[in-house]
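What you see is a predicted model, and the numbers here were worked out from it, not measured in a lab. Letters go in sequence order (proteins before strands), and every chain restarts at 1.
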Protein chains: 2
Amino acid sequence: MTKKLGKQTIKFLNPPIIISTGTAVGPYEGEVSPFRDDFDQIFSDLLAGQESFEKAERHLMLTACYQALCKIQIQPEEVEFFFAGDLLNQLISSGFSALELGIPYFGIYGACSSAAEGLILGAMTIDGGFANRVMAATSSHNSSAERQFRYPTEYGTQRKPYSQWTVTGSGAAILANDGRGPRITYGTVGKVVDQGCTDPLHMGAAMAPAAASTIIQHLKDTRRQPSDYDLILTGDLGQYGYELAVKWAFESGGVDLSKVCQDCGVLIYGQEAKVNSGGSGCGCSAVVTYSKIYKELQQGKLGRVLLVGTGALHSPTSIQQKDDLPCIAHAVALESEEMVR
Amino acid sequence: MTKKLGKQTIKFLNPPIIISTGTAVGPYEGEVSPFRDDFDQIFSDLLAGQESFEKAERHLMLTACYQALCKIQIQPEEVEFFFAGDLLNQLISSGFSALELGIPYFGIYGACSSAAEGLILGAMTIDGGFANRVMAATSSHNSSAERQFRYPTEYGTQRKPYSQWTVTGSGAAILANDGRGPRITYGTVGKVVDQGCTDPLHMGAAMAPAAASTIIQHLKDTRRQPSDYDLILTGDLGQYGYELAVKWAFESGGVDLSKVCQDCGVLIYGQEAKVNSGGSGCGCSAVVTYSKIYKELQQGKLGRVLLVGTGALHSPTSIQQKDDLPCIAHAVALESEEMVR
C-alpha cells in the first residue's frame, strides 16, 4: 500500500499514537488563556526561576517534556529520539534540553510550524519502524523572542494592530506505535511560499497563503472535505491572518473553511486579552494542541482535527536585506481512537 | 527484521541510494583545496554575483542543488522532500532555497552536523517508504558566519591557533530507492554532550567527545570494528579536535581510530593553507563528502565510509550567558554498490 498521496501528503499506514503530552506556560498565559486549567504547569514569573529569559525558555521546554514523561511514568532513556525546535538562534532551547534529557536528538526548524514539523517527522519515524517511542517538543518565550527579533520588552515599544504576541510556553508530545490516545493519520509537508509581504510584524498576512495552500493540497491529496474535520486548527495566524487564510482558501481553491477553521493564535488568549491580533511563537500551537485539543481528542469530543502549523521563515537579517517573508505550513491529521478503529 | 540496533542506530533494510550530488564553493576553497578539481562549481568571488554574503550563501546552496539535479536530468518537482540546514539565524539560506526550489521542505539544524542529520532523515524517508526521491543540502559562508558568530571579516581580527575557518560552500545529495550509487546502510543519531568547554573558538575540543562517543556507539550497535571501514570521516573537528577525538575514543572506549580516521576540516584546505586548525561550517563535510569521497565510493576505490558529522550547538547568546558548548555528532555509513550487493 502506498504511503504517499498526491504531491505532499504522507499517509501513515499504522497511525502513530500520541500517548502523552505535556505543557508549560508563563504567567500571562496562565492568567488570561481560556485553556489555563488545561495546562500542566504555569510559571508565575517570566524567568521561571532562571537567570535569563533564554534559560527560562529551556526550563519551560524541559518542564513540558518531563510532564509528558511523568504522565506515563517513563524515563527519558525510554524515549528513542527527540525532535525539537524553537525560535532562538541556533535552537539553543532545544539543544540544551536535549543535553539534559540525553535522548538522541534531531534539531528542526520551521518557525511557528515546528510543532507540526516535529509531529510529522516523529510519526514517520514510528510508522517507518525506526523507533517505538519518540518525543517532539517546541518552545517560545515572549521576552527572549522579542529581544532577538524586535526590541527588548523593557523598551515598551508600541505595537501595531496586526502584530502578534509571542507565547511564553512549551509543549511536548510522546508518539508511540502502541498504547492509547489520538492517532496521527496524515502529514502534509508544506512548500515555502512568498506572496510579497515585507512587514515582519504582519506575519499573519504573510503566512495566510501558506496555510491556505497546504490545507487545499491536503484536502486534494486525501480526497477529504473540510466537513470531514471537526476542526481545522491553524497556528498561528492571529485574527488578521486567520481571516485572510479563510478568504484565500475560498478564492484560490474554492474551499470553504468558515465553518470549521479556528486559529491557535486567536484562541490562546481568548477575547479579553490585549494582544492585538493574537498569539504566535513555536510554543503557541503546541500548548493549545497538547492541552485542550488533545484532551478532547482523547475523550472523543473531537473526532478529527487537522493541525496546520504555520511559520514565517525570515530573520532580522533577511528583513534588513529587503527580502520578503517566506512562509510555510505543515498539516497533521489527528484522529480520536474511535475514528481510526 | 529490526530497523533499530542498540540505543542509537538505525539499520536501513533497503539501503537508500545516493544517486547524485552537487557541490559549489567559494574562491578560497577553489584555490587551495586538494579537492578543487572535484567540486562542481567554484565561484571566483565571495559574493557569487549577489549583493550580500547571505544572499551569496543561498546562491551557493541553490547551485549545489541544481548541480545535483542536472547530473541526473531531473527537475526540482521530481524530488518529493527537501531537507536543508545552515548556520544562519532562522536558517535563511535553506528557507529561501526551498522557496525557489518549490519542494516540500523540512528545516533541520545540527550546526556542522546538519549534513549528516539530513542524510539520516532523508534515508529514513526513503527506507520508510514515504518517498522515492529526496534531496538533502547544507551550506555555510565564511563571511556571513563570521559576522554573525564572531566579527565581520573586514575587522581582520587575529585568530587563535585552534580556531577553524568557516568553509564557503554548499553540498547537496539526492537519495532514492532505485538507481546507481553508494548506499546509506546505517545512521547513528547523536546525543548532545558537554564536557565543559566554554571557548567558542575551541570548537574542535568541544566536539571531539561527541564524535568519539557516537563512533563508539555506532561500532557497538552494529558490532563493527574500525577496520570494517576504509575511512571514518569526522567533520569538522579540525586538527586539534581530530587529535583529541582519536585520543578520547581510545581512552574512553578502547577504540583505535588512528589508522582509519580522517577529518573533513583537516582535509579540505590541505597542508598548505593558513587556516590554523582547519575548516568548519555546515558546508565543510558536505562539500568533502559529496565531491571526492562520493566519487571514490562510486568507483569502488572506497568500500565503506562512516561519515561522522559533528556540530557545536551554542549561540552567541548562550556563550554570553556563560553556558558551555553543547555538541552533537551523527554518523552515517556510506557503502559502495559492491559492498552492499
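Annotation: cation-pi geometry satisfied between A/K4 and B/F81 (NZ/CZ under 6.0 angstrom from ring centroid, within 45° of ring axis).
In this structure, no portion of B/F82 lies under 4.5 Å from any heavy atom of chain A. Contacts between A/A111 and chain B at a heavy-atom distance below 4.5 Å are absent for every atom of the residue. Residue contact with chain A, scored on non-hydrogen atoms closer than 4.5 Å, involves the side chain of B/I10 exclusively. With a 4.5 angstrom heavy-atom cutoff, B/F106 touches chain A via backbone and side-chain atoms both.
Within residues 318-330 of chain A, the residues approaching chain B closer than 4.5 Å by heavy atoms are, in numerical order, A/S318, A/Q321, A/D323, A/D324, A/P326, A/I328, A/H330. Among the residues in residues 117-131 of chain B, those with a non-hydrogen atom closer than 4.5 angstrom to a non-hydrogen atom of chain A are B/E117, B/I120, B/L121, B/M124, B/T125, B/D127, B/G128, B/G129, B/F130.
For the side-chain contact (heavy atoms from CB on, under 4.5 Å) with A/P104, the lone residue among B/V189, B/T9, B/T188 that qualifies is B/V189.
A donor atom on one side chain and an acceptor atom on the other are found under 3.5 Å apart for A/Q90 and B/N89.
Between chain B and the options A/D194, A/T214, A/N132, heavy-atom pairs under 4.5 Å are most frequent for A/D194. Contacts with chain B were tallied for A/G110, A/S144, A/G190; A/G190 has the most, counting heavy-atom pairs under 4.5 Å. Between chain B and the options A/I92, A/L87, A/V193, the largest number of non-hydrogen pairs under 4.5 Å is found for A/I92. Comparing B/S94, B/G85, B/G107 by how many heavy-atom pairs each has under 4.5 Å with chain A, the most go to B/G107. When each of B/Q217, B/R58, B/K7 is scored by its heavy-atom pairs under 4.5 Å with chain A, the top score falls to B/R58. Taking chain A as the reference chain and counting heavy-atom pairs below 4.5 Å, the highest number among B/L99, B/L313, B/I103 is found for B/L99. Heavy-atom pairs under 4.5 Å with chain A peak, among B/E51, B/Q148, B/Q8, B/E54, at B/E54.
Atoms OH and OG, on A/Y105 and B/S113 in that order, are 9.0 Å from each other to the nearest 0.5 Å.
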